[in-house]
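Only a predicted model underlies this, so the values are computations on that prediction, with no experimental measurement involved. Atoms within each ligand, like the ligands themselves, are counted from 1 in listed order.
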Amino acid sequence: MPPQALRRPLKGMRRGVRPFLALALVGFCAGCRNSHSALDPAGREARELASLFWVLGAAGAVIWALILSLLLYVLFFKPRIHSERTASLFVWIGGIAIPATGIVALVIYTLPMMPSLRAQAGEPTIEVVGELYWWRVRYRLADGRVVETANELHLPVGQRTDLALTSPDVIHSLWIPALAGKMDMIPGRTNRIAVEPERTGRFGGICAELCGESHAFMRFEAVVQPPDELARWLGAQAADAVAPVTLEEKRGAELFHDTGCGACHTIRGTPANGQLGPDLTHVGSRARLAAGLLPNNQGTMAGWIAASQNLKPGNKMPSFAVLPGDDLRALAAYLTALK
Ligand code: CUA
């Protein structure tokens, strides 16, 4: 198509409007393809939800176009109805039969998608707990061991995994748009959701229920891996923490225990066995810090320890701004080395 022909439909449009239209289109299209998009599905549930969106959207558009054209027809052509029989035919066919068929067809299409109608995958092997404001993730290994991590949910590709969801205090909602729908995490009960990822990759997850002042900072990543890679990762996560190597790391380890960090955090293989905060045994292996808020490196780790309340107001870790810069850097060096 020559460029001239491409420009023709836009010809009548005022020049000032075009950039806004282009921007809106770019925004719309970009929104459909990213790791947080429900319209770029990477799992069975999300794929079904995306087709539900498109089918119901298309059905809505067809119904809207039909009604609009009938309305325009009546307005412009003013048809006359000559008999009672024609009038009641209009009501029965147009007003009852067609809408009822449409609704029944859509119900038949959508009903089998309800998760409660599907068989569960089995006993949940992963437990996710919504905390203020982060995600506690527990894996039950085949040999009976339990591995606890935070803010990363590792899943096997091509397999259905059942997640058990709970919360100790307030209601959260776990949502990985590219993999499945939302499911609430409610104190005092265990909800279940099944996910079946269909391709590998890292997919964004968020909390979809207003849970407090830092609700917007409660993110995580679902890491979808081939089963053998996942098994290797789980094996590494089940191991105790590595010992500090450099002088700075050793000083950081001492500070960690002297400052009392172990009252809230566990580092397996050391005396630190607190349960309130995230397990830090392999914190250095995680891609991000503070439930998706920061990239994970020595600088951000030191900043997080010093200013956690400024970065994520209302979380349960106090800011340790009283610590001198050298101590913060040493602590961060020790923690980021815990791969
Ligand atoms: Cu947790 Cu919103």
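Rounding to the nearest 10°, we obtain 90° for the angle at atom 1 (Cu) of ligand 1 between Met218 SD and His172 ND1. Atom 1 (Cu) of ligand 1 forms the vertex of an angle spanning SG of Cys211 and SG of Cys207; to the nearest 10 degrees it equals 120°.
Minimum-distance N/O/S atom of Glu209 relative to atom 2 (Cu) of ligand 1: O.
At distances below 3.5 Å, at least one donor-acceptor pair connects side-chain atoms of Gln309 with backbone N or O atoms of Gly314.
Looking at heavy atoms from C-beta onward, Glu249 lies out of side-chain contact with Glu254 at the 4.5 angstrom threshold.
In this structure, CZ on Phe77 lies 9.5 Å from CG on Leu72, to the nearest 0.5 angstrom.
For the 3.5 Å distance criterion, the side chains of Gln237 and Ser285 qualify, holding a donor opposite an acceptor.
At a cut-off of 2.8 Å, His215 is counted among the residues with an N, O or S atom near atom 2 (Cu) of ligand 1.
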